[in-house]
Amino acid sequence: MSHFLVAGGAGYIGSNFVKYLMDTSDHEVTLIDNLSTGRMEAVESLKEQYGSRIFFLKSDLGDPEKLHPYLHKRTVDGVFHFGAFSLVGESQYDPMKYYYNNVACTLSLLKIILEHEIRHFVFSSSAAVYGIPEKTPITEAAERKPINHYGKTKTMIEEVMEALSGREDFVYASLRYFNVAGTDEELVVGECHDPETHLIPIAVKTALGLRDHLALFGTDYPTPDGTAVRDYIHVTDLCRAHWAAFEKIRKANEPLTVNLGSARGYSVREVLETVQRVTGSRFRILEEGRRPGDPPVLIASSEKAKKELGWQAERSLEEMVTSAWAWEKKRSEDGLL
């Protein structure tokens, strides 16, 4: 049995990863989260289901006063880092929030784990490091040209990890991905953002009647139906990739940077049509102009992930929407929306 730290473990992807690890292994996990965007509800659900295998430490990512004493008492075999702020728009008008949490706190976390001789680090990066790519599907060889502060923070941490990778006591995986959706089949943890900015949960909430309408930004892109095309991946597929990446760097003892994507783009109209079909709701859609900085097409190549990790996305857009719909209905019935 091993013990892992999951930074941002009370958030959407972090909590889903913890559940995945609990279901597929006998390992123990400590969730580190300051609950600024993570949810104590997710922690409690996980503790209720998995009991003594789940530990929770309320803390900023790299708080030495809390992490040092904790790590002195426990042997940790690896760290999975999901604890970033990730709203692109917010990063533009409140850059300090993003550079402090995503960069400064992560640097502190890295310093602490190296002092405790924790060697393996799996980093939740983002395809935002590419900015507006010159061609798609985007491969890992594409130049990093982030166009917002969120993408810049991810790029900075990648550069720091690259600088550290020559050390014998540090090996990392940096996983770059776009849009994540869906939840676990048992509906133990799921997507809960405030404010919600992701297309699928917004569409599902609109189908539930919690929103008056959904805004569709841009209908004149050079794409088959005029709406922007994006790469979507089911959160469970993503969790599986994070564990595969840990196994890879542990065995190979070499750093890894890889895209995680479906290699298949879905337009905004395709997503909305799927939501309406799955939910049986023909909710109101208001067409608006393009948002500044939104490229027409963003699709990640998955060839390296297939080669290096033996991984590829398995779940369809319909499966993502179906699980998101079930999650939001459950929360509505439980009076949580």
Side-chain angles (χ1 to χ4, degrees), residues 1-11 13-22 24-34 38 43 46 50 52-84 101-125 153-154 156-176 238-258 308-309:
M1 179 190 297
S2 297
H3 193 105
F4 297 97
L5 296 185
V6 178
I13 300 174
S15 61
N16 269 273
F17 175 74
V18 171
K19 185 181 187 307
Y20 174 83
L21 198 56
M22 293 295 98
T24 57
S25 75
D26 62 353
H27 301 315
E28 296 178 341
V29 169
T30 294
L31 291 72
I32 304 173
D33 206 298
N34 63 10
V43 178
L46 290 166
Y50 302 106
S52 61
R53 294 169 62 200
I54 299 285
F55 301 83
F56 176 61
L57 180 63
K58 185 177 180 182
S59 173
D60 285 342
L61 292 179
D63 185 345
E65 293 185 2
K66 291 188 177 180
L67 288 180
H68 277 308
Y70 191 84
L71 293 174
H72 279 306
K73 298 184 296 183
R74 181 166 273 109
T75 299
V76 171
D77 299 279
V79 177
F80 294 84
H81 181 4
F82 300 94
N101 181 76
N102 295 9
V103 179
C105 288
T106 300
L107 293 180
S108 181
L109 175 63
L110 285 168
K111 184 174 185 293
I112 290 167
I113 66 173
L114 286 172
E115 289 174 4
H116 288 268
E117 300 182 347
I118 302 170
R119 301 189 60 236
H120 301 106
F121 189 77
V122 179
F123 180 60
S124 174
S125 188
T153 65
K154 293 293 187 179
M156 287 181 176
I157 297 304
E158 286 196 354
E159 290 172 345
V160 170
M161 293 190 301
E162 289 162 8
L164 294 174
S165 66
R167 298 177 51 142
E168 292 182 0
D169 59 351
F170 181 75
V171 60
Y172 72 89
S174 185
L175 309 181
R176 300 169 177 169
L238 191 73
C239 294
R240 184 166 48 85
H242 278 74
W243 182 248
F246 172 79
E247 293 270 72
K248 176 72 174 182
I249 63 173
R250 182 177 61 84
K251 293 174 182 176
N253 199 35
E254 294 180 352
L256 172 71
T257 297
V258 65
E308 297 287 338
L309 303 179

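Residues take their numbers from the sequence shown, with the count starting at 1. All values reported here derive from a predicted model rather than from experimental measurement. What's counted below: heavy atoms across the whole structure, side chains too, no hydrogens, waters or symmetry copies.
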Using distance only, find each side-chain donor-acceptor pair of residues 110-125 under 3.5 Å and give its atom names and separation, not counting sequence neighbours.
unit_1 : atom_1 : unit_2 : atom_2 : d
Lys111 : NZ     : Glu115 : OE2    : 2.6
Glu115 : OE1    : His68  : NE2    : 3.2
His116 : NE2    : His68  : ND1    : 2.8
Arg119 : NE     : Glu168 : O      : 3.2
Arg119 : NH2    : Glu168 : O      : 2.7
Arg119 : NH2    : Asn253 : OD1    : 2.8
Ser124 : OG     : Tyr177 : OH     : 2.3
Ser125 : OG     : Glu158 : OE2    : 2.8

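Panel note: side chain Asn102, backbone Thr153; no donor-acceptor pair is recorded below 3.5 Å. Formation of a donor-acceptor pair under 3.5 Å by the Asp60 side chain with backbone atoms of Gly62 is not found in this model. Checking side-chain atoms of Lys19 against main-chain N and O of Leu46 turns up no donor-acceptor pair under 3.5 Å. In this structure, the side chain of Arg53 engages the main chain of His27 through a donor-acceptor pair within 3.5 Å. With Ser165 contributing its side chain and Glu162 its backbone, the two residues share a donor-acceptor pair below 3.5 Å.
Note that the CG atom of Leu21 and the CZ atom of Phe80 stand 6.5 Å from one another [nearest 0.5 Å]. How far CD of Glu159 is from OG of Ser174: 11.0 Å, rounded to the nearest 0.5 Å.
Side-chain atoms of Thr75 and His3 include no donor-acceptor pair closer than 3.5 Å.
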Point to revise | From CA spacing to verdict: ring-ring contact (aromatic ring centres under 6.0 Å, His included), Phe82, His242 | key: CA-CA 11 Å; Phe82 300 94; His242 278 74; 4.9 Å; yes
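Scanning all heavy atoms of the two residues, the minimum distance from Leu109 to Ala7 falls at CD2-CB, 4.3 Å. Residues Phe55 and Glu28 share a closest heavy-atom pair of CE1-OE1, 3.9 Å.
Aromatic ring pairs are classed by plane angle as parallel below 30°, tilted from 30° to 60° and perpendicular above 60°; the pair Phe246 and Phe4 is perpendicular.
Side-chain contact between Asn34 and Asp63 is absent, with no heavy-atom pair separated by less than 4.5 Å. Ile32 places a side-chain heavy atom less than 4.5 Å from the side chain of Leu67. Between Leu31 and Val18, the closest side-chain pair of non-hydrogen atoms falls below 4.5 Å.
With sequence neighbours left out, the side chain to side chain contact (heavy atoms under 4.5 Å, CB included) criterion links Met156 to Tyr99, Val103.
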